[in-house]
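A short write-up of the structure that comes next.
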Protein chains: 2
Amino acid sequence: MEASRSVRVTIDDVAKAAGVSRQTVSRAMNGKGDISEATRRKVLATIEELDYRPSAFARGMRTQRAGTVALVLPDIANPFFPAVARGVFDAAAARGLAVVVHNTDADAGAEAEAGRAIVDAGAAGAIGFFEALDDAALAALGRRLPLVVADRPAPDASVATVRTDFLTGTRLATDHLASRGHVRLGMLDGAVENKPERRRAFLEAAGGPVVTAPPTVAGGTAGLRELLGRHADVTGVFAFNDLLAIGALRAVKAAGRQVPGDVAVVGYDDITMAALVDPPLTTVHTDKYELGRTLVEVLGRRLDGHPAEHRTLAPRLVVRGSA
Amino acid sequence: MEASRSVRVTIDDVAKAAGVSRQTVSRAMNGKGDISEATRRKVLATIEELDYRPSAFARGMRTQRAGTVALVLPDIANPFFPAVARGVFDAAAARGLAVVVHNTDADAGAEAEAGRAIVDAGAAGAIGFFEALDDAALAALGRRLPLVVADRPAPDASVATVRTDFLTGTRLATDHLASRGHVRLGMLDGAVENKPERRRAFLEAAGGPVVTAPPTVAGGTAGLRELLGRHADVTGVFAFNDLLAIGALRAVKAAGRQVPGDVAVVGYDDITMAALVDPPLTTVHTDKYELGRTLVEVLGRRLDGHPAEHRTLAPRLVVRGSA
DNA sequence: GTGAAAGCGCTAACAA
DNA sequence: TTGTTAGCGCTTTCAC
């Protein structure tokens, strides 16, 4: 008893079995060109019967396009991105698209290399977070295939975008801190390329000292120490993301001070962890799943021949215990 | 001014430019067959010069194998998996493999469908967590392509495995609780298919009541209430994973009782969140990144013609505040 | 509405 | 060591 020799069922086998030509089979399965309902049905039945699966390679060779979309992101281990990715996977699966993930660490070289790999692979399109690549390179990529970028301005009319409204989100945070009586605010900004909006919005809205740190828990701890060390009068802290905010929370507590009594902290993103730390983090919620879903939706419309769209997702403040 | 018309550079263009045959170009870039060092260098230089990129489709059509590996997992939004995925991405990138991710929600139908898609796409191999698919179907998949499964016994000699040692991990947890003076232990088991090991190990090692709940924070909260409601004498709780454990922590605190004073909790996995909750979670650490890396390594050896291997990763206990 | 011919770009097998 | 031949399975003309 041996494993069944798997000889590939080709379009010709189906054609022969259904008593039609090869192109008729192609027409039946792709729904293109004129074909009588009767033949169509017969062919489809034969396909089913023989369990025929068209070769992605052969098809790609003709069309120069695979049924694959690329998802580019800095770090899947950063809790913001899995939630986005989940939205991408679900929406892509619903459209019958496979998703190839490229992890770049927000490195310009890695992002460029990912772009090259994506083009070489003949992906139907690409979506993602390009945090280091310059506009020219991004626009060039957008000329090679349908491209939707997240949380970044379009470098080019051909590139679609989906953005979360940082300005509003930041206002939400600083207004909340102000409403709690904090007059001197500080910001923990993430050391991330191409993301000046939150800082700019903070400076406009509240105008306090800004310390830059890696967007991690450890970065938040170090950053907060530096911030309060240099500006002892700061009582309200706005962080670039929740990881930084959680680090800040820990630093405040470690210094023997109270949150939010002595120092209030507001984060950004509302990652799962935010609700579970002590005190629970007050943060600006962005719908990460929806962001992922929308990226695919916008790409899908692009694939269907529509022009590049630009969507914006509205954030909202979630008040918990930290501010 | 128009976008540069992108006419594809083919192997024939390179051959012509280098003054050799098409096959020689193929040999030069794939390092197969005999070729003189001089020609090889010349061809490689020409490739560079023309910026030639071989067509993945054409290559796949000949070889019936793409430079792609599939990663199958239940839910990228569950914090255990991003860490594994990161290890997979890094190791795959180092081998020049692209990674296609299939999110299955541990649903048997979705896992089967993912398998079909993987085979159809001509993936070089597949790795992942099949939590619902039966052994027969898994073995069948393993016959179609190199397959490495995580945290599950091999269904077949052709299927390689990488597992974390649940038995040892569970012992570590129950022994620790015992050493802290807890005589009556309970377990919060995850409602997950094909994962009886932790429960079995718990029953053997400590033998207390087991409550099953969805492996989430909410599940842990509900599960702990049920556990303590039915078995008031339980003072030490072992959870299937950290999410459940964190939920349990919250339930204990919500009931006005102390952790670890009244009830001690030990989790499993050591997700990032574990160190950040209050009290910090004592948990069994498994190296998720290493798991992902090893999955790719074992697949790579398979791809290089070696037989299916079986690796086991050792867990270790991380004592924090909750037990 | 359907079929025949052509060819996408590559590599395995064989010939030189 | 290098070149030639053949063909992977599909879709896009174009003819009927």
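Quick note on labels: first sequence line is chain A, next is B, and so on, each numbered from 1.
Rounding to whole angstrom units, CD1 of residue A:Ile11 and P of C:dA4 are separated by 14 Å. As rounded to whole Å, 16 Å separates atom P of D:dG9 from atom CD of A:Gln23. Rounded to whole Å, atom C1' of D:dT12 lies 12 Å from atom CZ of A:Arg22. Distance, A:Arg62 CZ to D:dG9 P: 16 Å, rounded to whole Å. The nearest whole Å value for the distance from the OH atom in A:Tyr52 to the P atom in D:dC10 is 3 Å. Per the geometry, NZ belonging to B:Lys32 stands 15 Å off P belonging to C:dC10, to the nearest Å. One atom, CZ of A:Phe57, and another, P of C:dG7, lie 24 Å apart when rounded to the nearest Å. Protein atom CG of A:Asp12 is 11 Å distant from nucleotide atom P of C:dA4, rounded to whole Å.
The side chain of A:Arg8 lies closest to D:dG9, out of C:dG1, D:dG9, C:dA12. Closest contact between the side chain of A:Met61 and the listed nucleotides C:dT2, D:dC10, C:dC8 involves C:dC8. Listed nucleotides D:dG9, C:dG3, D:dT1 differ in distance to B:Ser36; the shortest reach to its side chain belongs to D:dT1. In this structure, of C:dG9, D:dG9, C:dT2, it is C:dG9 that holds the atom nearest to the side chain of B:Ala58. Here the nucleotide nearest the side chain of A:Arg59, chosen from D:dT12, D:dC10, C:dC8, is D:dC10.
Note on A:Thr24: a side-chain N or O is less than 4.0 Å away from OP1 or OP2 of C:dG3. Note on B:Thr10: every side-chain N or O is 4.0 Å or more away from OP1 and OP2 of C:dG9. Contact check, B:Thr39 against D:dT2: a side-chain N or O comes under 4.0 Å of OP1 or OP2. Within the structure, a side-chain polar atom (N or O) of A:Ser26 is placed less than 4.0 Å from OP1 or OP2 of D:dT11.
With a 6.0 Å radius and a threshold of 12 heavy atoms from other residues, nucleotides or ligands, B:Glu37 has its CD atom above the threshold.
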Test salt bridge (Lys or Arg N to Asp or Glu O under 4.0 Å) applied to A:Arg95 and A:Asp304, step by step | CA-CA 12 Å; A:Arg95 285 190 72 105; A:Asp304 293 343; 3.3 Å; yes
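Counting distance only, with no hydrogens placed and no angle test, the side-chain atoms of B:Arg27 and the base atoms of D:dG3 include a donor-acceptor pair under 3.5 Å.
A salt bridge is defined here as a Lys NZ or Arg NE, NH1 or NH2 lying under 4.0 Å from an Asp or Glu carboxylate O, and B:Arg40 with B:Asp34 fails to meet this definition. Between A:Arg293 and A:Asp90 there is no salt bridge, since none of the side-chain N atoms of the basic residue sits less than 4.0 Å from a carboxylate O of the acidic one. Taking a cutoff of 4.0 Å between a charged side-chain nitrogen and a carboxylate oxygen, A:Glu297 and A:Arg311 qualify as a salt bridge.
Closest-nucleotide positions on DNA chain D for B:Asp34 and A:Ser55 were compared, and the one nearer the 5' end corresponds to B:Asp34.
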